[in-house]
Amino acid sequence: MGPHPGTEPGDDEVAADPDALLQDLLESLSQAKYPKHGEELTYHTPSAARLPEAREEDTREIAHPAGDEDSEPLRKPRKLSLQKKTVYPIDLLAGGWHQGNADQQLSRPYDVVRDEATGATYVSDMMNHRIQKWMPGSQVVETVAGGLIAGGGLDQLRFPRGIFLDTSGRLFVADSGNNRIVRWDIAAGASTGVLIAGELGVLYDRQGQIRGYESTCCRGGPGLYQLRDPHGVFVNLAGEVFIADTGNNRVQRVSGLVTTTIAGDLVRPEAVFATTDSFVYVADTGQHRVVKYALAGGAGTVVAGGNGIGTTLDKTTSPTGIHVDDSEQVGGVPIRNIYVVDTDNNRVAKIREDDGSVSLAAGGCLESPSYIDPCIEGGIHDPPRPHPDDEEALNPSYDNPPIYHFWGPSGLHINSGINKNITVADTLNHRVMVWYA
């Protein structure tokens with residue numbers, strides 16, 4: 001093929017066709033090595049292939065239409081766009097090997113916590129009835145609580161959901177299918193859990209007299225010491241346990257042998273977070289909002305959502321995870337940020353409590369972050385299902401779902417450092433992702 005129209009090769013230049021140049025660049029991109037996070041990514045084409053002078057449009061002559069030899073040659077505008085390959089500040093942390101029950105697989109992971117001292121990541125592998133531990137740089141995955149068979153024994157779990165790791169290396173589990181909260185002292189190598197909240201079912205005789213209690217815990221119910229399908233758990237520095245008692249539409253506070261109800265005006269709350277200044281934040285999932293309560297009592301205050309269902313950032317749709325952070329400062333003044341897993345919008349939102357401003361922290365597409373390319377038209381990525389009416393249908397992209405898209409995320413962990421890396425249980429993609437700040 002001859003030189004590009006209007007271009008004459010010099011003694012030290014090589015004539016180049018744009019198609020050939022583009023092919024060279026694509027081959028270079030395919031062989032490029034990804035840099036470490038934060039490093040600049042560059043690509044190089046062969047030195048002999050020099051690009052033609054930049055033009056507004058690149059035109060080609062096209063053959064005359066049949067029977068129209070006297071007409072002017074047709075010219076079709078053609079734009080040539082050469083861009084760097086996008087590098088996303090996102091990593092796969094756990095799972096992602098299809099839904100399954102092998103050691104490195106997950107099945108609807110619901111929550112995630114990270115031990116920042118050791119780097120360990122703990123995941124509640126809900127449908128596999130276990131808690132899995134990942135260590136950085138290791139291919140070995142350890143089951144630290146429960147197992148593949150659901151059960152009500154203290155060495156078993158049934159659909160574990162929310163988890164919390166305290167400073168002593170004790171893991172608290174919202175064992176939703178057993179209507180209880182159990183603590184596993186994983187730092188000490190415990191092989192069974194300890195009952196923290198929930199009540200054994202009472203056995204009565206025909207005369208109504210108590211004959212004893214059920215051997216496995218716990219029977220769900222509305223009693224003060226009972227739970228029904230709890231989804232969230234949080235433990236403060238004083239050792240008080242806060243429970244999102246989802247099926248009873250309330251939040252319970254367990255302090256030693258004393259249990260009290262903090263809030264009862266909720267609809268299926270799924271997460272709870274207690275702060276050091278004696279406030280409790282609740283993901284009021286069924287009412288699509290986050291509510292703040294003072295431990296001293298009184299009505300709650302809506303701090304996120306509460307504007308109905310929708311995709312705009314002032315709305316949350318079925319929030320299932322929350323984290324409250326006080327480490328950011330503006331002008332030397334600490335501010336409080338609330339991170340919310342906006343589950344049905346497939347994103348994590350960040351709300352500044354003092355002024356109510358909202359920004360996109362992870363997932364979603366509403367603000368078209370530069371690292372999301374392309375952004376899904378309409379703002380929200382909702383992977384199509386082969387059977388739209390079947391909510392249980394598998395994600396058709398499960399073989400290789402885009403790393404920058406969530407599907408039904410649930411829990412999250414925000415690291416305590418200056419850079420607020422966000423680790424998310426990407427539930428319906430059966431994986432855990434970390435978004436770097």
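For Arg228 and Asn248, the side-chain atoms include at least one donor-acceptor pair closer than 3.5 Å. Looking at Thr343 and Thr320, their side chains do bring a donor and an acceptor atom within 3.5 Å of each other. Neither side chain, Thr260 nor Arg253, offers a donor N or O lying under 3.5 Å from an acceptor on the other. For the 3.5 Å distance criterion, the side chains of Asp111 and Tyr122 fail to qualify, holding no donor opposite an acceptor.
Judged by distance alone, the side chain of Asp175 and the main-chain N or O of Arg180 form no donor-acceptor pair under 3.5 Å.
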Audit row: Ser318, Asp344, side-chain hydrogen bond (donor to acceptor under 3.5 Å, both in side chains) steps and yes/no: CA-CA 6 Å; Ser318 302; Asp344 284 355; 3.0 Å; yes
Verdict with reasoning, Tyr293 to Asp265, per side-chain hydrogen bond (donor to acceptor under 3.5 Å, both in side chains): CA-CA 11 Å; Tyr293 296 91; Asp265 55 342; 2.7 Å; yes
Stepwise side-chain contact (heavy atoms from CB on, under 4.5 Å) check, Leu106 with Val123: CA-CA 9 Å; Leu106 297 169; Val123 182; 4.2 Å; yes
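The number of heavy-atom neighbours closer than 6.0 Å to CD1 of Ile149, taken from other residues, nucleotides and ligands shown, is 12 or below.
Stacking of Lys292 on the aromatic ring of Tyr281 is not recorded, the 6.0 Å distance cut-off and the 45° axial limit not both being met.
Residues Ile131 and Pro160 are in side-chain contact: their nearest non-hydrogen atoms beyond the backbone lie under 4.5 Å apart. With contacts defined as side-chain heavy-atom distances shorter than 4.5 Å, the pair Val194/Val182 does not qualify.
Note on ring orientation: taking the six-membered ring where Trp is involved, the planes of Trp435 and Phe406 are tilted (angle from 30° to 60°).
Phe234 and Phe164 have their aromatic ring centers within a separation under 6.0 angstrom.
For Lys420 and Asp325, the salt-bridge test passes: some basic side-chain N is under 4.0 Å from an acidic carboxylate O. A salt bridge links Glu328 and Lys350; the closest N-O separation between the charged side-chain nitrogens and carboxylate oxygens is under 4.0 Å. For the pair Arg219 and Glu199, the salt-bridge criterion is not met [side-chain N within less than 4.0 Å of a carboxylate O].
Among the candidates Asp277, Asp354, Asp355, the single residue satisfying the salt bridge (Lys or Arg N to Asp or Glu O under 4.0 Å) test with Arg336 is Asp277.
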